[in-house]
Amino acid sequence: MVAPPSPLRVGVLGCADIARRRMLPAMAASEGIEIAAVASRDADRAARTAREFGCLAVHGYAELLRLDEVDAVYVPLPAALHARWVEAALRADKHVLAEKPLTTERAGTADLLALADARGLALMENVMFVHHPQHAAVRELLADGAIGTLHGFQSAFTVPRRPAGDVRLDPDLGGGALWDTGVYPLRAALHLLGPDLELVAALRGSGPQDRVDTGGAALLSTPAGVFAQVVYGLDHAYRSSYELVGSEGRITLDRAFTPPAGHRPVIRVERASGTEEIVLEPHDQVAATLTAFVSAARTGGVPRDAVADCLRQAALLESALLKGVRPLTP
Ligand SMILES: NC(=O)c1ccc[n+]([C@@H]2O[C@H](COP(=O)([O-])OP(=O)(O)OC[C@H]3O[C@@H](n4cnc5c(N)ncnc54)[C@H](OP(=O)(O)O)[C@@H]3O)[C@@H](O)[C@H]2O)c1
């Protein structure tokens, strides 16, 4: 009998909220992963988190990258620090699962993906929703002509305001709604309409006391003229959905981006003949993302289409960023 491969030994750079609340518990539950170490700028915080997850506590990110007993690292740092620490991790020969956005510059994202490729390492951006099969089910409906010829896509990812001091509200740490929330509907547009989407127009807005953009919208088009409208924001009521409009009907999906593991997705298909609700089995997209990362690390790389989408997303985000920010009147 062939022995199962030994688990991927993962170290975590920073005791971030998303790491403690979501990713570390999912890693602890994953058969393919062993949590090897947790690093923090603060030795006590590292010790507390390490105790909770039964791993080594490390004071400082560079110290963790020196450990031979770490095969891969998870990088949940503020967005502006991703580029520096992802590069350091790759140069230390670690596979990397990095929080979104992978970097805050298209060129930086391209450089890191090329570096990972050259070193035979897996570098994956932690966009988890694409690992949920509800989107594959939507793609199948489109391919089967369920709503006729596709003409349009609309999507929103908006979340309520975080407390003052949150990393998302600090421009020096790569804060702002575009990087934090715009990633989701833009990536969904790429996932469903394909990589040839071009940005047509974009608006970003900032509240009177804010130093970052707190919301925005973008209009995109495929070469064939399928239009996508996306809305995002971090000072908004919660919304996480998309809709596809065709010549003969429309498909809507709620809880599109962050469905809890136990959520039963409902894909709504409306046509002149009536409305159908397709209910799918629950799926844990966090666990699925970790499984995909372990598989990428074992095979020495992330699938080509995921790399291409990550790069294209970075280019679209940068184009939207160049449109500037307008003040929002209160
Ligand atoms: N994929 C998803 O579903 C998802 C969800 C939420 C967030 N995220 C992403 O995860 C990342 C972290 O978000 P979060 O909400 O978890 O943030 P957070 O709680 O503020 O954590 C960021 C961590 O970065 C470290 N850090 C290093 N330098 C820092 C600095 N100058 N200021 C603040 N923190 C610093 C800190 O760890 P130590 O002090 O321990 O070193 C801190 O705990 C962001 O990129 C965000 O976009 C992704």
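Both counts, for ligands and for their atoms, begin at 1 and track the order of listing. Note: hydrogens, waters and symmetry copies are ignored here, and every other heavy atom, side chains too, is used.
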J.: Rounded at 0.5 Å granularity, tell me how far OG1 in Thr222 sits from CG in Leu190.
T.: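 These two atoms lie 11.5 Å from each other.
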J.: Are the charged groups of Asp180 and Arg162 less than 4.0 angstrom apart, N to O?
T.: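 Salt bridge absent between Asp180 and Arg162.
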J.: Is there side-chain contact between Leu234 and Arg161, with heavy atoms separated by less than 4.5 Å?
T.: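 Leu234 vs Arg161: side chains apart.
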J.: Atom CD of Glu125 and atom CG of Leu97: how far apart are they, to the nearest 0.5 Å?
T.: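 The CG atom of Leu97 is 10.0 Å from CD of Glu125, to the nearest 0.5 Å.
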J.: Evaluate the criterion side chain to side chain contact (heavy atoms under 4.5 Å, CB included) for residue pair Val10 and Val70; output intermediate values, then yes/no.
T.: CA-CA 6 Å; Val10 175; Val70 168; over 6 Å; no
J.: State whether Arg312 and Asp196 are salt-bridged, where the test is any N-O pair (Lys NZ or Arg NE/NH1/NH2 against Asp/Glu carboxylate O) under 4.0 Å.
T.: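 Here Arg312 does not pair with Asp196 in a salt bridge, since their nearest N and O are not under 4.0 Å apart.
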J.: Using a 4.0 Å cutoff against the non-hydrogen atoms of Tyr61, which atoms of ligand 1 qualify?
T.: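 Taking each heavy atom of Tyr61 in turn, ligand 1 has 25 (C), 26 (N), 27 (C), 36 (C), 37 (O), 38 (P), 41 (O) under 4.0 Å.
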J.: Could you tell me, atom by atom, which parts of ligand 1 come under 4.0 Å of a heavy atom of Val167?
T.: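 Numbered from 1, ligand 1 contributes 17 (O), 20 (O), 33 (C).
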J.: Ligand 1 and Leu77, any nitrogen or oxygen pair closer than 3.5 angstrom?
T.: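 N/O-N/O distance under 3.5 Å: yes.
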J.: Based purely on interatomic distance, does Cys15 place a nitrogen or oxygen under 3.5 Å from a nitrogen or oxygen of ligand 1?
T.: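 Cys15 vs ligand 1: N/O contact under 3.5 Å present.
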J.: Give me the residue, atom name and distance of the protein heavy atom closest to atom 48 (C) of ligand 1.
T.: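 Checked against all protein heavy atoms, atom 48 (C) of ligand 1 sits closest to Glu99 OE1, 2.9 Å.
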J.: Closer than 4.0 Å to some heavy atom of Asn126 - which atoms of ligand 1 meet that?
T.: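 Reading through ligand 1 atom by atom, the close ones are 1 (N).
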J.: Could you say whether the N/O atoms of Ile18 and ligand 1 ever approach to under 3.5 Å?
T.: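 Ile18 vs ligand 1: N/O contact under 3.5 Å present.
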J.: On a heavy-atom basis, I'd like to know which of Glu125, Arg41, Gln285 is closest to atom 30 (C) of ligand 1.
T.: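 The option holding the nearest heavy atom is Arg41.
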J.: Identify, for atom 39 (O) of ligand 1, the protein heavy atom at the shortest distance, and state residue, atom and that distance.
T.: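 Atom 39 (O) of ligand 1 sits closest to the protein heavy atom Arg45 NH2, 2.5 Å.
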J.: What ring pair (Phe, Tyr, Trp, His ring centres under 6.0 Å) pairs are there with at least one residue in residues 152-205, not counting sequence neighbours?
T.: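 Of all non-adjacent pairs touching residues 152-205, those that pass ring pair (Phe, Tyr, Trp, His ring centres under 6.0 Å) are Phe153-Tyr242, Phe157-Tyr184, Phe157-Phe257, Tyr184-Phe257.
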J.: Tell me which one of Ala16, Pro76, Ala80 gets a heavy atom nearest to atom 12 (C) of ligand 1.
T.: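 It is Pro76 whose heavy atom sits nearest to atom 12 (C) of ligand 1.
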J.: Is it the side chain, the backbone, both or neither of Thr258 that has a heavy atom closer than 4.0 Å to ligand 1?
T.: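 Near ligand 1, Thr258 shows nothing, with every heavy atom at 4.0 Å or more.
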J.: Are Glu248 and Arg271 close enough for a salt bridge, meaning some N to O gap below 4.0 Å?
T.: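 Salt bridge: no.
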J.: Out of Arg162, His59, Lys100, whose heavy atom sits nearest atom 46 (C) of ligand 1?
T.: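 Heavy atom nearest to atom 46 (C) of ligand 1 belongs to Lys100.
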J.: Under 3.5 Å, sequence neighbours excluded: what are the donor-acceptor pairs made by side chains of residues 45-62?
T.:
unit_1	atom_1	unit_2	atom_2	d
Thr49	OG1	Arg45	O	2.9
His59	NE2	Arg41	O	2.9

J.: Salt-bridge test for Arg268 and Glu277: reply yes if a basic N is under 4.0 Å from a carboxylate O, no otherwise.
T.: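 So Arg268 pairs with Glu277 through a salt bridge.
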J.: Considering only heavy atoms, which of Arg20, Arg21, Arg168, Met23 lies nearest to atom 7 (C) of ligand 1?
T.: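 Among Arg20, Arg21, Arg168, Met23, the closest heavy atom to atom 7 (C) of ligand 1 belongs to Arg168.
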J.: Report yes if Ser40 has an N/O atom closer than 3.5 Å to an N/O atom of ligand 1; otherwise report no.
T.: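 Yes; at least one N/O pair falls below 3.5 Å.
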J.: I need the contact type for Asp180 against ligand 1. Using non-hydrogen atoms and a strict under-4.0 Å cut-off, is it side chain, backbone, both or neither?
T.: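 For Asp180, the contact with ligand 1 is made by the side chain alone.
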J.: Less than 6.0 Å separating the ring centroids of Phe129 and His135?
T.: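 Judged by ring-centre distance (under 6.0 Å), Phe129 and His135 do meet the cut-off.
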J.: Which residue holds the protein heavy atom closest to atom 18 (P) of ligand 1, what is that atom called, and what is the gap in Å?
T.: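 The protein heavy atom lying closest is Asp17 N, 4.0 Å.
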J.: Below 4.0 angstrom from a heavy atom of His82, which ligand 1 atoms are there? Numbered from 1 as shown, please.
T.: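 Checking each atom against His82, I get 45 (O).
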J.: Measure from atom 3 (O) of ligand 1 to every heavy atom in Phe257, Phe129, Tyr184, Trp179 and give the option owning the shortest one.
T.: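 Minimum heavy-atom distance to atom 3 (O) of ligand 1 goes to Tyr184.
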J.: Could you go through Thr258 and Tyr238, starting from their C-alpha distance and side-chain angles, then the distance that decides it, and tell me whether this counts as side chain to side chain contact (heavy atoms under 4.5 Å, CB included)?
T.: CA-CA 11 Å; Thr258 55; Tyr238 184 75; 2.5 Å; yes
J.: Using heavy atoms and a threshold below 4.0 Å, how should the contact between Leu173 and ligand 1 be classified: side chain, backbone, both, or neither?
T.: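 Side chain only; the backbone of Leu173 stays clear of ligand 1.
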J.: Please work out which of Gly14, Pro78, Ala46 has its closest non-hydrogen atom nearest to atom 24 (O) of ligand 1.
T.: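 Checking each option, the heavy atom nearest atom 24 (O) of ligand 1 is found in Pro78.
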